[in-house]
Engineer: 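My questions will all concern the structure given below.
These values consider heavy atoms only, across backbone and side chains, with no hydrogens, waters or symmetry-generated copies.
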Amino acid sequence: MSELKNDRFLKALLREPVDVTPVWMMRQAGRYLPEYRATREKAGSFMNLCMNPELACEVTLQPLERYPLDAAILFSDILTIPDAMGLGLYFSTGEGPKFERPVQTEAAVKALGVPDPEGELKYVMDAVRTIRRELDGRVPLIGFSGSPWTLATYMVEGGSTKEYSKVKGMLYDRPDLMHHLLNVTAQSVISYLNAQVAAGAQALMIFDTWGGMLTPRDYKEFSLRYMQQIVDGLTREAEGRKVPVILFTKGGGQWLEAMADTGCDGLGVDWTLDIGDARKRVGDRVALQGNMDPSVLYASPDRIREEVQTILASYGQGSGHVFNLGHGIHQFVNPEHAGAFIDAVHEFSKPYHQ
């Protein structure tokens, strides 16, 4: 494996000194880029794109050709694990992901097994290996997974939901069954992420998209507990360096301290929290990643630069900050605005690292 030419992202996650604040964007390989839309067209469908290692590599690298980003993130989907469990993932236009066989009965839950990452999920590992080779040490590669609670939400509901009626119904009526489902899912995530590290991922991120929908008590019991299980089970060193782990619960700002207690290296923060306040609360226990509102990118480049300066000033001096959006970049953002954002982070963060 080639030597890393730019490792400021990994350094910042370990709170080591950096020259400027590193930056990447959630969903940086995505529909806002015309080159992504062209490759997706060529692939024929979103899942074909995910399952073709060469094309997944192509779209992973597209934003790096365009912008001076400090990290690449594997192009994949959080629902690859439930798909590999046999739930039949498909995407219907305008409706997002769906499962042909949602898990809604005791028999269905008990029938689930841990997929083999080099079997049913080999296409993901092949993509990691291909991307790592093509990156040639330019920047680190982030591997990722959905959190057990977030995956379970899709698995039980059969797709996206606004009510969470089926998954919360199971949580409240059959907590034993929900714990069984979450435990199998957590074991699957551990095996999947460790295989990504073995294939070449240099940092890991766990996306807990729906954790913020839970009560504080239920968040700790049904989401955080299983992210803790994952953090405890992960390979934390490879190729002679640490493999940092970032936890991100959207809408989870009230639980930052509890998340920091897991032993992760970084916490993703959405835009509903001031990053300076978040830093006061967690101190130097973890790095923070975030947290500009993605909608700022609809504003003028001048306004974007202003917002970047505000967030940098709020975080303040020193390392331990990875600049990002508070959630994924929107598909209708002008790519030039994304460029203005990334350049502003590097330009205005220099004085904070002297």
Side-chain angles (χ1 to χ4, degrees), residues 47 50 76-92 95-124 144-195 206-234 247-252 255 258-259 262:
M47 276 317 278
C50 288
S76 186
D77 193 82
I78 63 168
L79 299 179
T80 50
I81 288 177
D83 184 47
M85 289 173 162
L87 273 59
L89 177 63
Y90 68 100
F91 288 82
S92 44
E95 289 190 38
K98 303 244 177 173
F99 286 115
E100 289 163 18
R101 295 173 286 282
V103 180
Q104 292 167 350
T105 62
E106 179 155 4
V109 171
K110 296 286 170 71
L112 293 171
V114 174
D116 174 3
E118 288 289 359
E120 300 93 333
L121 290 160
K122 185 172 185 288
Y123 67 92
V124 179
F144 72 92
S145 168
S147 72
W149 168 253
T150 294
L151 297 179
T153 299
Y154 284 105
M155 290 161 76
V156 176
E157 296 286 345
S160 299
T161 176
K162 286 191 170 68
E163 284 84 29
Y164 306 91
S165 55
K166 296 183 180 80
V167 72
K168 285 195 175 187
M170 187 187 288
L171 180 155
Y172 289 123
D173 250 347
R174 291 291 312 273
D176 58 318
L177 201 54
M178 181 51 74
H179 281 305
H180 182 89
L181 171 55
L182 291 167
N183 183 45
V184 174
T185 309
Q187 288 175 37
S188 303
V189 171
I190 292 168
S191 139
Y192 181 61
L193 289 177
N194 284 342
I206 297 166
F207 287 90
D208 185 32
T209 315
W210 304 129
M213 300 299 152
L214 291 165
T215 68
R217 179 199 62 215
D218 294 332
Y219 174 75
K220 287 183 177 134
E221 188 180 343
F222 294 96
S223 182
L224 190 62
R225 170 178 166 181
Y226 292 95
M227 290 199 283
Q228 175 74 69
Q229 188 179 327
I230 293 163
V231 171
D232 290 344
L234 289 176
L247 301 185
F248 174 55
T249 295
K250 186 165 184 266
W255 304 308
M259 292 167 79
T262 58

Engineer: Do Thr209 side-chain atoms and Thr150 backbone N/O form a donor-acceptor pair below 3.5 Å?
Structural biologist: no
Engineer: Specify the closest pair of heavy atoms between Thr80 and Tyr192, including all atoms of both residues, with the distance to one decimal.
Structural biologist: OG1-OH, 2.9 Å
Engineer: Going through the distances and angles, do Gln187 and Gln229 end up as a side chain to side chain contact (heavy atoms under 4.5 Å, CB included)?
Structural biologist: CA-CA 8 Å; Gln187 288 175 37; Gln229 188 179 327; 4.2 Å; yes
Engineer: Would you name the heavy atoms of Ile230 and Ile206 that are closest together and state the gap between them?
Structural biologist: CG2-CD1, 3.6 Å
Engineer: If you define the side chain from C-beta out and look only at heavy atoms, does anything of Thr262 sit under 4.5 Å from Leu247?
Structural biologist: yes
Engineer: For the atom pair OH (Tyr219) and CE (Met259), what is the distance rounded to the nearest 0.5 Å?
Structural biologist: 4.0 Å
Engineer: At what distance, to the nearest 0.5 angstrom, does CG of Asp83 lie from CE of Met47?
Structural biologist: 4.5 Å
Engineer: For Glu163, give me all partners under side-chain hydrogen bond (donor to acceptor under 3.5 Å, both in side chains), at least two apart in sequence or on another chain.
Structural biologist: none
Engineer: So Val109 and Met170, do their side chains get closer than 4.5 Å, heavy atoms only?
Structural biologist: yes
Engineer: State whether the side chain of Lys220 and the backbone N or O of Ala258 hold a donor-acceptor pair below 3.5 Å, judged by distance alone.
Structural biologist: no
Engineer: Does a side-chain heavy-atom distance below 4.5 Å link Trp149 with Met178?
Structural biologist: yes
Engineer: Does the side chain of Leu214 come within less than 4.5 Å of Leu171's, by heavy atoms?
Structural biologist: yes
Engineer: Evaluate the side chain to side chain contact (heavy atoms under 4.5 Å, CB included) criterion for residues Ile190 and Val114: first the C-alpha distance (whole Å), next the side-chain angles of each, then the deciding distance (0.1 Å), finally the verdict.
Structural biologist: CA-CA 10 Å; Ile190 292 168; Val114 174; over 6 Å; no
Engineer: Please name all residues satisfying side-chain hydrogen bond (donor to acceptor under 3.5 Å, both in side chains) with Ser223, sequence neighbours left out, ordered by chain then number.
Structural biologist: Asp208
Engineer: Shortest non-hydrogen contact from Pro97 to Leu89?
Structural biologist: CB-CD1, 4.0 Å
Engineer: Are the side chains of Asn183 and His180 in contact, using a 4.5 Å heavy-atom criterion?
Structural biologist: no
Engineer: Take the angle between the ring planes of Tyr154 and Trp210 and call it parallel below 30°, perpendicular above 60°, tilted in between.
Structural biologist: tilted
Engineer: Sort and list the pairs that fulfil side chain to side chain donor-acceptor pair (under 3.5 Å) and have at least one residue in residues 110-121, not counting sequence neighbours.
Structural biologist: Glu106-Lys110, Glu118-Arg129
Engineer: Which heavy atom of Gly146 sits nearest to which heavy atom of Leu151, and what is that distance?
Structural biologist: O-CD1, 3.8 Å
Engineer: Would a 4.5 Å heavy-atom cut-off, applied to side chains only, mark Met213 and Thr153 as touching?
Structural biologist: no
Engineer: Taking all non-hydrogen atoms of both residues, which atom of Tyr226 and which atom of Phe222 are closest, and how far apart?
Structural biologist: CD1-O, 3.6 Å
Engineer: Side chains of Met85 and Val184: does their closest heavy-atom pair fall under 4.5 Å?
Structural biologist: yes
Engineer: With side chain to side chain contact (heavy atoms under 4.5 Å, CB included) as the criterion, how do His179 and Asp176 come out once you've worked through the C-alpha distance, each side chain's angles and the decisive distance to 0.1 Å?
Structural biologist: CA-CA 5 Å; His179 281 305; Asp176 58 318; 5.9 Å; no
Engineer: With a 4.5 Å limit on heavy-atom distance, are the side chains of Thr161 and Lys166 in contact?
Structural biologist: no
Engineer: Over all heavy atoms of both residues, which pair between Cys50 and Tyr123 is shortest? Give the atoms and the distance, please.
Structural biologist: O-CD1, 3.4 Å
Engineer: Could you please spell out the steps behind the side chain to side chain contact (heavy atoms under 4.5 Å, CB included) verdict for Arg225 and Leu182?
Structural biologist: CA-CA 10 Å; Arg225 170 178 166 181; Leu182 291 167; over 6 Å; no
